[in-house]
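Reviewing the structure listed below.
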Amino acid sequence: RVLTPVSRMFSSKSAADNWFDYSNSELWLYHTGNCRAEQWTQLASIWSKMYGIKDPNKIVHSAYGHVFKSRKGNKSQWEMAKQLLINDMYTRRAFLQFLLPEYSHDSIDVPCSIIVTFKRSAPDLSLGSDDFGVDVVYFMRSTDILFGLPHDIMWAKSLSIRMQMELA
């Protein structure tokens, strides 16, 4: 049995037509490290419902951009993972943790993604390049298959591409 296409599951034609724009905006906020509710509540009503009025002091926990920001005087998770891959292309220690301990008890917004690991892959010589690729393994505790999963797939792929570009 073929399921109804996702675009028909949106409450309005405008929402279905703007899915790609939303996804790109979400990726942009992630990759710029912007986790402020003030920005996210402008993107979609779901964030306004969870975080209320545009409060610049609130942090959206599902906004995974925190992995690009340094914490407590240390390098960012992103920089540490990248450096591990530079030092040892076969390392199994290059990872990002999305679900931080301080977020795990929040009753409003707990990230569905937990962790992503990176591993440099052998070059695909059929492509005429000797550049190494980057494999990503993405772990989730849950996701909404209609609305969450498409964004999570784009996010995971964008991390792979960004890491590969920075290592090239």
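Just so you know, residue 1 is the first one in the sequence shown, and it goes up from there.
Cluster membership for Leu100 and Ile59, using ILVMFWY side-chain heavy atoms within less than 4.5 angstrom, is shared. A chain of hydrophobic side-chain contacts below 4.5 Å, direct or via other Ile, Leu, Val, Met, Phe, Trp or Tyr residues, connects Leu159 to Ile86.
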Q: Please step through side chain to side chain contact (heavy atoms under 4.5 Å, CB included) for the pair Cys35 and His66, ending with a clear verdict.
A: CA-CA 7 Å; Cys35 302; His66 64 82; 4.2 Å; yes
Q: Quick one: do Thr117 and Phe139 satisfy side chain to side chain contact (heavy atoms under 4.5 Å, CB included)? Show the steps, please.
A: CA-CA 9 Å; Thr117 63; Phe139 297 90; 4.2 Å; yes
**Q.** Worked verdict on Leu99 versus Val110 for side chain to side chain contact (heavy atoms under 4.5 Å, CB included)
**A.** CA-CA 7 Å; Leu99 179 53; Val110 178; 3.7 Å; yes
Q.
Is there a side chain to side chain contact (heavy atoms under 4.5 Å, CB included) between Asp152 and Met140? Walk through the geometry before answering.
A. CA-CA 9 Å; Asp152 294 326; Met140 303 179 78; 2.8 Å; yes
(Q) Working note: Arg120 + Glu166, criterion salt bridge (charged side-chain N to carboxylate O under 4.0 Å, His left out); need CA distance, chi angles, decisive distance, verdict. (A) CA-CA 12 Å; Arg120 288 181 70 179; Glu166 289 190 22; over 6 Å; no
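In summary, the side chains of Tyr103 and Asp109 do not present any donor paired with an acceptor at a separation below 3.5 Å, with no hydrogens or angles considered.
The side-chain heavy atoms of Phe118 and Phe95, taken from C-beta on, include no pair separated by under 4.5 Å. Contact check for Val137 versus Val116: no side-chain heavy atoms found under the 4.5 Å cut-off. Within the 4.5 Å cutoff, the side chain of Met89 has no heavy atoms near those of the Leu85 side chain. Considering only heavy atoms from C-beta on, Glu26 stays 4.5 Å or farther from Met154 through its side chain. Considering only heavy atoms from C-beta on, Leu96 stays 4.5 Å or farther from Ile115 through its side chain.
Here His31 contributes atom NE2 and Arg162 contributes atom CZ; the two are 6.0 Å apart, rounded to the nearest 0.5 Å. Expressed to the nearest 0.5 Å, how far CZ of Arg71 lies from OG of Ser76 amounts to 11.0 Å. Atom OH of Tyr30 is separated from atom OG of Ser25 by 12.0 Å, given to the nearest 0.5 angstrom. Between the OG atom of Ser121 and the CG atom of Asp135 there is a distance of 4.0 Å, given to the nearest 0.5 Å. The CG atom of Asn24 lies 10.0 Å from the OG atom of Ser158; values are rounded to the nearest 0.5 Å.
Under the 3.5 Å distance criterion, the side-chain polar atoms of Ser142 are left unmatched by any main-chain donor or acceptor of Cys112. Under the 3.5 Å distance criterion, the side-chain polar atoms of Gln39 are left unmatched by any main-chain donor or acceptor of Asn34. Listed for the Ser48 side chain is a donor-acceptor partner under 3.5 Å among the backbone atoms of Thr41. Without hydrogens or angle criteria, Lys82 side chain to Met163 main chain gives no donor-acceptor distance under 3.5 Å. Here the side chain of Lys69 pairs a donor or acceptor atom with the backbone of Gly33 at under 3.5 angstrom. Thr32 contributes a side-chain N or O that, together with a main-chain N or O of Leu29, makes up a donor-acceptor pair within less than 3.5 Å.
Gln77 approaches Gln97 most closely through the heavy-atom pair OE1-N, 2.5 Å. Residues His61 and Pro111 approach most closely at O-CG, 3.2 Å, considering heavy atoms. The minimum heavy-atom distance between Ala156 and Tyr138, with the atom names listed, is CB-CD1, 3.6 Å. Shown here for Val134 and Ser160, the closest heavy-atom pair between the two residues is O-OG, 3.0 Å.
Using cut-offs of 30° and 60° for the angle between ring planes, the Trp78 and Phe68 rings count as tilted. Classified by interplanar angle (parallel below 30°, tilted 30° to 60°, perpendicular above 60°), the ring pair Trp40/Trp47 is perpendicular.
Cation-pi geometry between Arg141 and Phe98 is not met: the NZ or CZ atom fails to fall both under 6.0 Å from the ring centre and inside 45° of the normal.
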